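Every chain is numbered from 1, with letters handed out A, B, ... down the list of sequences. Quick caveat, the model's predicted, so the values are computed rather than measured.
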Number of protein chains: 2
Amino acid sequence: MVTKIALVEDNPSLQRRFLLNFSFFEEIEVLFCSPSGEQFLSEIEERNDNGHDLPSVVLMDIELPGITGIDATLALKESHPDIEVMMITVFEDEERIMDSLRSGASGYLLKDEPPEVIVSSVAELIAGGAPMTAKIARKIIAGIQSPEKNRDKPSSKPGFDLSERELEIIKLLVNGKSYTQTAEILIISPHTVKTHIKNVYKKMHVHSKASLVKIAIKKGII
Amino acid sequence: MVTKIALVEDNPSLQRRFLLNFSFFEEIEVLFCSPSGEQFLSEIEERNDNGHDLPSVVLMDIELPGITGIDATLALKESHPDIEVMMITVFEDEERIMDSLRSGASGYLLKDEPPEVIVSSVAELIAGGAPMTAKIARKIIAGIQSPEKNRDKPSSKPGFDLSERELEIIKLLVNGKSYTQTAEILIISPHTVKTHIKNVYKKMHVHSKASLVKIAIKKGII
DNA sequence: TATTCAATACCCCAAACGGGGTAAACTAAG
DNA sequence: CTTAGTTTACCCCGTTTGGGGTATTGAATA
């Protein structure tokens, strides 16, 4: 069975290296490769709308121009919870590992893993596993056992490149306020609130308040 | 300054004891006393709609007929985050204490506290404090330091006396589905989905999907 | 048996929401 | 000085949601 995957990687040479490596494995088909989280999410939306193939697995870099791979994962999982995400990155700090898993990634590998390991990890992921090295597994256990690092920050920072005003409006909406009520509280026109929300939806790649609330809570914008 | 409070207590003799005790303190005015969480929430909604006085502080029992005081607190905080809640109960298990605090209660006293302590705790609560006995404070620290008891159950059980079908529909809505999509997935009419949601809203005392999503996540109906 | 409850489905209607525009005023950065 | 970004505000449109009903069926229970 051929597994369709997508890459999110901004470094062109690494991108080429991945594509070359995967070309030797016929069980893997790379559908597309995006250089940023935003472009990746747009590509997914477009394919979804046009009825084109979607990947079963996404190999996601963390450090990217624009939104992080962690936020991109959060947004992807909101609209496509069935697509599996494996982080492939140079970072191995507890913080980013835990944030990735909380965002919905199921695997976590380092960039220097040999191609065979990455390919077999993709298979493991589809089989329902959670591929990662022993070293990373140990850090995850540590992360779970240190509650101070879990509390008060469900994920990382605000993220998604939102402006102050946008965050302010999100907080009110998440707390159950309508556009009209939010407008009254901030003493601006309801049209303005709507404009802000439209921009927020574009930035976060969501299409409803329910999804906004879910992601906002996960990211701790409570 | 007179502080307006409300009581939620089903035991009639305890109810009378509280009312009698508070009558000796002119800084406390008991607006009303409800024998169940549902009746309390309805009373709050009615007063809010009619422009009548709302309490600044609610003394909440946990064990109640119908929904628990913890769920009543969760629902109250969703619509009125400024109303302070102090649990007054016979329970002192870590589980219920933590659940109460997660639901939004700021104080936690035992029913055998002398009236002066309760009255001064109300003042402390309004001043921004978190009144509780040393014994309970110690249990809270323990609760925070035991992550196994935090994970996978943000609060207690489903709660709110929801039926299986209602829970099923809530899960879909919280995951971003519209009424129509939910109806298609469950192979029922969108009218039926709406009927269920109307019933859920009544049970949970919310009036929007955003609030539903928030409470559902807090209670782990994810 | 009678009654209650869960689940189903429809009616009506007004308000809220989501997405597509355009555009002005102001600030900050190049 | 020009460009980019933020905040403000309006237009259009169709869809979704929330709240008020009523009503039938089947299962469980008093």
Tell me whether the side-chain N/O atoms of A:T192 come closer than 4.0 Å to OP1 or OP2 in D:dA9. yes
Taken to the nearest whole Å, CG/B:L173 to C1'/D:dT17 is 11 Å
So, does B:S178 get its side chain near the phosphate of D:dT15, meaning an N or O under 4.0 Å from OP1 or OP2? no
Consider the side chain of B:R165, meaning its heavy atoms from C-beta on, and name the nucleotide among C:dA9, C:dT8, D:dT8 that approaches it most closely. C:dT8
Let me know the distance between CD of A:E166 and P of D:dG5, rounded to the nearest Å. 12 Å
Below 4.0 Å: OP1/OP2 of D:dG19 and any side-chain N or O of B:Y201: no
For B:L125, run the side-chain contact (heavy atoms from CB on, under 4.5 Å) check against B:V85, B:V57, B:V58 and tell me which one passes. B:V57
Under-4.0 Å side-chain N/O to phosphate OP1/OP2 contact, A:Y179 with C:dG18: yes
Lys/Arg N to Asp/Glu carboxylate O, B:R165 vs B:E168, below 4.0 Å: yes
Here the distance between atom P of C:dA6 and atom CD of B:E168, to the nearest Å, is 15 Å
From CG of B:L162 across to C1' of C:dA6 the rounded distance in Å is 13 Å
Does A:T180 place a side-chain N or O at less than 4.0 Å from the phosphate oxygens OP1/OP2 of C:dA15? no
Kindly indicate whether the side chain of A:E63, heavy atoms from C-beta on, has any atom under 4.5 Å from the side chain of A:T89. no
5'-most contact on DNA chain C: B:S163 or B:K194, nearest heavy atom basis? B:S163
Of D:dA9, C:dA9, D:dT16, the nucleotide closest to the side chain of A:I188 is D:dA9
Nearest-Å distance, CD1 (A:I197) to P (C:dA16)? 15 Å
Verify the distance criterion only: is there a donor paired with an acceptor across the side chains of A:E78 and A:S211 at less than 3.5 Å? yes
Rounded to whole Å, please give me the gap between NZ in B:K202 and C1' in C:dA6. 15 Å
Rounded off to whole Å, could you give me the NZ-to-P distance for the A:K198 and D:dC13 pair? 14 Å
From the list C:dG18, D:dG19, D:dA9, which nucleotide is the closest neighbour of the side chain of A:H207? C:dG18
Are A:H191 and D:dA9 close enough that a side-chain N or O sits under 4.0 Å from OP1 or OP2? no
Whole Å only: how far is the NZ atom of A:K209 from the P atom of D:dT17? 11 Å
Under 4.0 Å between a Lys/Arg side-chain N and an Asp/Glu carboxylate O for A:K111 and A:E9? yes
A:T195 near the nucleic acid: base, sugar-phosphate alone, or nothing, with a heavy-atom cut-off under 4.0 Å? base
